[in-house]
Amino acid sequence: MKFIFLGPPGAGKGTLAAKVAESYNIPHISTGEIFRAAIKAQTPLGKKVQAIIDAGSLVSDDITIELVRERLSQPDAQKGFILDGFPRTIPQAEALEGIVPVNAVVNFDIADKEVVERLSGRRVCRNCGQNYHVKFMPPAHEGICDSCKAELYIRDDDKIEAITHRLEVYREQTAPLIDFYRNKKVLTDIDARPLTSAILKEFEAKFPKN
Ligand code: AP5
């Protein structure tokens with residue numbers, strides 16, 4: 001199955017995508033994660049996009065589309081995938097149609113107030129990238145990853161000025177994709193407020209495995 005996860009920053013797309021990837025045995029492809037890995041490794045791509053991402057702005061469509069085109073050509077993506085954080089603009093959505101047709105777009109519905117609470121409390125493992133939340137999904141030991149025991153950190157784009165900017169960018173450039181996909185009759189809304197386990201149950205009911 002080929003899914004797009006659409007929604008504001010902090011809606012829980014990455015958290016649910018990790019569970020769906022496991023449950024449906026398909027890869028979780030997060031453009032944000034790919035960019036962060038490039039920044040960590042200080043590749044030419046990483047150096048180019050670091051300041052843009054830290055500020056909460058969008059990387060150019062050209063760069064992002066090529067990156068996704070390459071990733072979707074890999075063998076593991078042929079049986080299906082979850083695209084998390086792509087497309088984020090109308091030109092990206094139009095380009096994707098020329099790469100591979102996707103027939104399930106999941107729109108995460110959540111209010112700004114909850115987004116701010118989720119992002120300002122998010123902690124991420126420096127080593128394996130696992131997400132936590134100080135209140136909603138705390139690690140067993142403060143500041144330490146449960147899985148690999150590495151240190152947890154706060155993403156630069158989870159500082160309050162960047163969160164506010166990301167929400168503006170989302171409204172201006174990404175929210176129009178809701179109507180784009182609704183008009184194509186491939187959009188399914190999902191209430192992103194409950195616990196992840198409850199959202200996963202709803203998701204599995206809406207999208208039975210083949
Ligand atoms: P990206 O990494 O995609 O960031 P994002 O879309 O802003 O999404 P987030 O990772 O912030 O949130 P999420 O919805 O995945 O929430 P999460 O599950 O972590 O992109 C980063 C940057 O890369 C962009 O700003 C841009 O610069 C660039 N970029 C990426 N893609 C691009 C593109 N296509 N074009 C151009 N530029 C691009 O959850 C958040 C928190 O809430 C966590 O702490 C989690 O534990 C908690 N939580 C999750 N679910 C629940 C729940 N159900 N209940 C309670 N807490 C929950």
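Just so you know, ligand 1 is whichever comes first in the structure, and atom 1 is the first atom listed for that ligand.
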**Asked** Does the pair Lys209 and Ser23 meet the rule for a side-chain hydrogen bond (donor to acceptor under 3.5 Å, both in side chains), with working shown?
**Response** CA-CA 9 Å; Lys209 292 172 208 167; Ser23 168; 3.0 Å; yes

**Prompt:** Under the side chain to side chain contact (heavy atoms under 4.5 Å, CB included) criterion, do Ile29 and Leu72 qualify, and how do the steps go?
**Reply:** CA-CA 9 Å; Ile29 301 176; Leu72 291 180; 3.7 Å; yes

**Request:** Show your reasoning for whether side chain to side chain contact (heavy atoms under 4.5 Å, CB included) applies to Val116 and Lys113.
**Result:** CA-CA 5 Å; Val116 172; Lys113 192 171 153 270; over 6 Å; no

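Polar contact with ligand 1: absent for Glu33 (N/O pair, distance under 3.5 Å). Among the atoms of Asn131, some N or O lies under 3.5 angstrom from an N or O of ligand 1. Taking any N or O of Pro194, backbone or side chain, at least one lies under 3.5 Å from an N or O belonging to ligand 1. For a threshold of 3.5 Å applied to N or O pairs, the pair formed by Gly12 and ligand 1 contains at least one separation below that value. At a 3.5 angstrom cut-off on N or O pairs, Gly14 counts as close to ligand 1. Ligand 1 has no nitrogen or oxygen under 3.5 angstrom from a nitrogen or oxygen of Gly56. Ligand 1 has a nitrogen or oxygen under 3.5 angstrom from a nitrogen or oxygen of Gly85. At least one N or O atom of Thr31 sits closer than 3.5 Å to an N or O atom of ligand 1.
Cluster membership for Leu83 and Ile63, using ILVMFWY side-chain heavy atoms within less than 4.5 angstrom, is shared. Under the 4.5 Å side-chain heavy-atom criterion for Ile, Leu, Val, Met, Phe, Trp and Tyr, Leu200 and Phe81 are members of distinct hydrophobic clusters.
Scanning the protein heavy atoms around atom 37 (N) of ligand 1, the nearest turns out to be Val59 N, 3.1 Å. Given atom 38 (C) of ligand 1, the protein heavy atom at minimum distance is Phe35 CE1, 3.8 Å. Counting only heavy atoms of the protein, atom 21 (C) of ligand 1 lies nearest to Arg36 NH1, 3.6 Å. In terms of protein heavy-atom proximity, atom 48 (N) of ligand 1 is nearest to Met137 CE, 3.6 Å.
Ion pairing between a basic and an acidic side chain is recognised when a charged N comes within 4.0 Å of a carboxylate O; Lys79 and Asp76 show no such pairing. Ion pairing of Glu168 with Arg171 is absent here, as no side-chain N (NZ or NE/NH1/NH2) approaches a carboxylate O to less than 4.0 Å. Salt-bridge annotation for Lys19 and Glu22: absent, with no side-chain N of the basic residue lying under 4.0 Å from a carboxylate O of the acidic one.
Residue contacts with ligand 1 do not include Arg123, since none of its heavy atoms lies under 4.0 Å from the ligand. Heavy atoms of Gly10 come nearer than 4.0 angstrom to ligand 1 in at least one pair. Using a 4.0 Å heavy-atom cutoff, Pro87 is absent from the residues neighbouring ligand 1.
Contact check for Arg122 versus Leu119: side-chain heavy atoms found under the 4.5 Å cut-off.
The structure places CZ of Arg71 at 13.5 Å from CZ of Phe86, a figure rounded to the nearest 0.5 Å. The distance from atom NE2 of His165 to atom OH of Tyr170, rounded to the nearest 0.5 Å, is 15.5 Å. Leu187 CG to Arg182 CZ: the interatomic distance, rounded to the nearest 0.5 Å, is 5.0 Å. Between Phe108 atom CZ and Leu16 atom CG the span is 4.5 Å, to the nearest 0.5 Å.
Selection from Arg122, Glu114, Gln92 by nearest heavy atom to atom 43 (C) of ligand 1 gives Arg122. Comparing Thr64, Asp61, Thr15, Val134 by heavy-atom distance to atom 17 (P) of ligand 1, the nearest is Thr15. Closest heavy-atom approach to atom 42 (O) of ligand 1 among the candidates Arg193, Lys135, Arg118: Arg118. Among Lys13, Arg166, Glu117, Arg88, the residue whose heavy atom lies closest to atom 1 (P) of ligand 1 is Arg88. Heavy-atom proximity to atom 4 (O) of ligand 1, evaluated over His133, Gln173, Arg155, is greatest for Arg155. Remark: among candidates Gly32, Ala18, Ser57, Ala11, the nearest residue to atom 26 (C) of ligand 1 is Ser57, based on non-hydrogen atoms.
Heavy atoms of Ile53 found under 4.0 angstrom from ligand 1 belong to the backbone as well as the side chain. Residue-level proximity to ligand 1 for Thr89 is absent, since no heavy atom of it falls below 4.0 angstrom. At a 4.0 Å heavy-atom cut-off, ligand 1 touches Tyr132 through the backbone alone.
Test Ile4, Val106, Val105 against Val186 for side chain to side chain contact (heavy atoms under 4.5 Å, CB included) and you get one pass: Val105.
In this structure, the side chain of Arg88 does not engage the main chain of Gln173 through any donor-acceptor pair within 3.5 Å.
Using a 4.0 Å cut-off to heavy atoms of Phe136, the atoms of ligand 1 that qualify are 55 (C), 56 (N). Residue-ligand proximity, Leu119 to ligand 1, at heavy-atom distances under 4.0 Å covers atoms 11 (O).
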